[in-house]
Amino acid sequence: MIDYNPEMFFPHEKYRDQQKETIQKIYQGMFNGKPYVLKAPNGTGKSSIGLSSTLPIIYEKGKKLVYLCRTIQQNDRVIRELKKIKKKQSFVSGIAIRGRNNMCINELFLKDNPSMKELMQLCQRARKTETGCKYYKSFFNKDSEVENDYSFSYNDKLSSIIEEFSSKIIDTDELMRVCKERKICPYYMIKIFLSQVDIVVCNYLWMFHQQIRKYVFLEDLNTTLDDIILIIDECHNLPETVLDINEEQISLNIVQNCSRLLEKYSKSLAKSIHYKDFQQFGKVVQDYLENVEKSIFLQLEEKKKYITTEGSIDITGGLKTFLDLLNIKTFEKFGEILESAKAYAISIHLNEEIETSRKLRNWLLLFINFWSHWLKILSNKDLKKIHYTGYFAKLKTEKMQLYLHIKPFSPMRYILPVLKNNFSSLHMSGTIDTEIYANLTGLNNFKNGYGSVDLELPFSQENRLVIIDLDVTSRSGERNLEMYGKYNQKIKEILEIRSGNTGIFAVSYDFIKNLNLIKLGKNRLEYIIKNDCKRTLFIEKRDYDSFQNAEMIKKFKRTPKAVLLGVFGGRNSEGEDFPGKEMETVICVGFPFAPPSPYLDKKEEFFDSKFNNNGWKYAKLEPAIRKANQAAGRSIRTEKDIGVIVLLGRRYRDYRHHLSNWLTDKGVLKYSGENYGKLRNLIMNFMN
Ligand code: SF4
């Protein structure tokens with residue numbers, strides 16, 4: 001019998017400081033099912049710690065490890081570590097799985113750029129018909145005697161891929177390449193491996209979307225939650241991500257499409273039960289949203305300083321107002337209308353597909369599902385307390401899109417059932433307030449508590465300088481042309497001295513737009529970077545997909561003296577590593593409080609009631625601090641990195657006690673502006 005122990009699974013030759021004892025501590029605690037929080041800044045090797053402390057447990061106890069990351073790049077890093085471990089222990093098996101939208105190769109469906117949900121619907125239907133998806137057909141049992149048998153069969157094509165990959169740690173890119181060559185769906189190919197491997201690397205959605213976990217993921221893994229050990233990497237993202245995952249939305253575009261279809265079929269389906277009521281309800285919702293849209297356009301035209309792009313709708317009163325207009329007296333009646341509408345939603349959709357000879361999204365069903373969800377929450381007083389309903393507008397590829405949405409407040413509702421029922425979990429982050437995290441996730445509800453380890457940044461203080469500049473602020477009342485100009489001058493001052501690659505992270509894309517206002521003339525940020533400082537500028541775009549962004553970042557890293565301009569909380573200020581010369585200076589432009597929003601205000605109220613009147617801290621301050629810590633940490637990734645981090649904004653001084661210790665250590669943190677010295681002098685002194 002093998003005596004499994006953490007050393008067997010440590011992927012490197014030597015341990016770094018703090019690693020060996022941390023691994024032992026976590027291993028012993030988790031062996032008995034205790035969850036752990038590991039606060040581990042850059043350079044502590046947290047993936048190695050996570051894997052070496054949990055792998056002996058899964059092999060000893062016959063469990064599976066599910067390693068959750070946020071981005072594809074983070075998944076790839078874990079796969080690289082697993083490959084190293086496999087060289088030591090050949091029995092280790094693992095795979096990374098991505099979402100259907102990243103793995104689907106059906107060009108026909110992808111060309112309309114469907115959302116995740118829409119692609120799922122298209123794929124679901126395609127798999128049920130012989131003509132549906134040619135890449136799925138390869139899985140069919142061609143010799144089956146059963147009519148319409150579209151179940152998997154282990155034919156030669158499949159078996160050869162399984163044979164080729166089953167002895168490896170499966171690299172998703174490689175598997176996708178092979179599947180594309182052999183014209184077989186990689187998404188369903190990966191699912192075949194899921195039940196066979198011991199370690200699965202994926203994003204949070206697989207575990208924290210209730211339906212996906214229950215009806216897809218656990219079934220594919222062929223296991224139950226109590227046989228799973230979870231690692232949640234960059235876990236500071238988990239509370240907000242689960243709320244996003246479980247948010248329901250419907251766009252004005254969808255509502256308009258529904259109205260169009262209902263009008264088109266109004267004659268032929270007029271006698272269908274509740275057809276008229278349903279059609280009129282669609283029209284009322286459309287009118288409401290179009291009025292909201294008009295008012296936003298008006299504000300934009302009038303160049304109002306603050307544009308109201310969000311509004312709450314009372315879950316009961318709002319729906320009642322709509323129904324009163326139609327003389328629908330009760331919510332029960334509305335429920336009946338929605339129920340009857342499902343039948344003609346399906347028949348209209350089928351008809352449309354035949355008419356257009358195209359696979360189409362079922363707009364009507366999306367609309368019905370959204371309102372059924374609204375009704376479900378409205379009818380349950382506990383659910384009502386923890387949900388927000390309203391509208392919001394967002395700029396998607398420079399065009400405004402208006403949505404209705406239903407968003408939960410309480411991350412614990414989605415996280416705790418997973419944590420309570422799995423074997424054990426390890427939560428890892430470099431920027432986490434452990435107490436807040438434990439409250440938000442429900443870890444503090446565990447009878448025997450949770451373990452925690454807080455590691456120090458292992459790099460010398462002499463290698464970093466952090467400056468808070470007090471001359472500028474991003475406070476909304478003080479945002480004006482003069483302030484934007486001041487920000488640009490500060491950035492110029494830094495770029496003139498620090499010639500290496502630089503990351504500039506601003507509070508929002510709108511703020512970046514304001515730093516580039518034409519009225520600023522030669523004091524515009526882009527002009528300064530390109531002309532005064534002669535630097536190559538790379539600008540992160542909010543509508544880039546992950547591949548476009550990855551291409552841009554590759555070029556940035558290869559270009560000497562380049563400047564990357566992005567936002568806090570974006571892909572590059574959080575998910576990406578820039579070691580060594582890839583980013584020597586980070587400039588944080590403004591303090592990243594989220595813009596005021598009715599959702600956040602309600603969330604604050606909810607957290608006030610839960611956490612001893614600390615709602616503001618939980619809903620607003622902690623997310624801002626986390627974004628600042630993350631962005632600031634981009635430049636110090638290894639012990640050799642020498643980084644300058646400039647925090648441009650007075651509020652950094654007010655909230656400095658909440659920032660990561662490594663940013664505020666004595667001897668590291670300096671101030672410039674106001675009565676302090678010049679920014680330039682501080683940087684020059686550090687460099688000399
Ligand atoms: S079966 Fe695969 S390739 Fe076909 S639509 Fe679904 S995910 Fe895309």
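Indexing begins at 1, ligand by ligand and atom by atom, following the structure's order. Worth knowing before you read on, the calculation uses all heavy atoms, side chains too, and leaves out hydrogens, waters and symmetry mates.
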When you measure from the centre of the six-membered ring of Tyr135, is the NZ or CZ of Lys183 under 6.0 Å away and within 45° of the axis?
no
Do Ser48 and Glu81 have side-chain N/O donor and acceptor atoms under 3.5 Å apart?
yes
Atoms of ligand 1 under 4.0 Å from any heavy atom of Phe109, numbered from 1 in the order shown, are 5 (S)
Ligand 1 to Ile105, heavy atom cutoff 4.0 Å, flagged ligand atoms 3 (S)
closest protein heavy atom to atom 6 (Fe) of ligand 1 is Cys123 SG, 2.3 Å
Legend entry - Side-chain donor or acceptor of Asp220 paired with backbone N/O of Phe217 under 3.5 Å: no
For the residue pair Val78 and Ile199, establish whether any side-chain heavy-atom pair is separated by less than 4.5 Å.
-> no
- Item | Axial cation check for Phe9 ring with Lys88, 6.0 Å and 45° limits | no
| Is there an N/O/S atom in Cys133 that lies less than 2.8 Å from atom 2 (Fe) of ligand 1? | no
Closest heavy-atom approach to atom 8 (Fe) of ligand 1 among Cys185, Cys104, Cys179, Ala126 is made by Cys104
### Task
Measure from NZ or CZ of Lys557 to the centre of the six-membered ring of Phe578 and say whether it is under 6.0 Å with the direction within 45° of the ring axis.
yes
Ligand 1 atoms nearer than 4.0 angstrom to some heavy atom of Tyr136 are 1 (S)
For Arg100, the ligand 1 atoms with a heavy-atom partner under 4.0 Å come out as 7 (S)
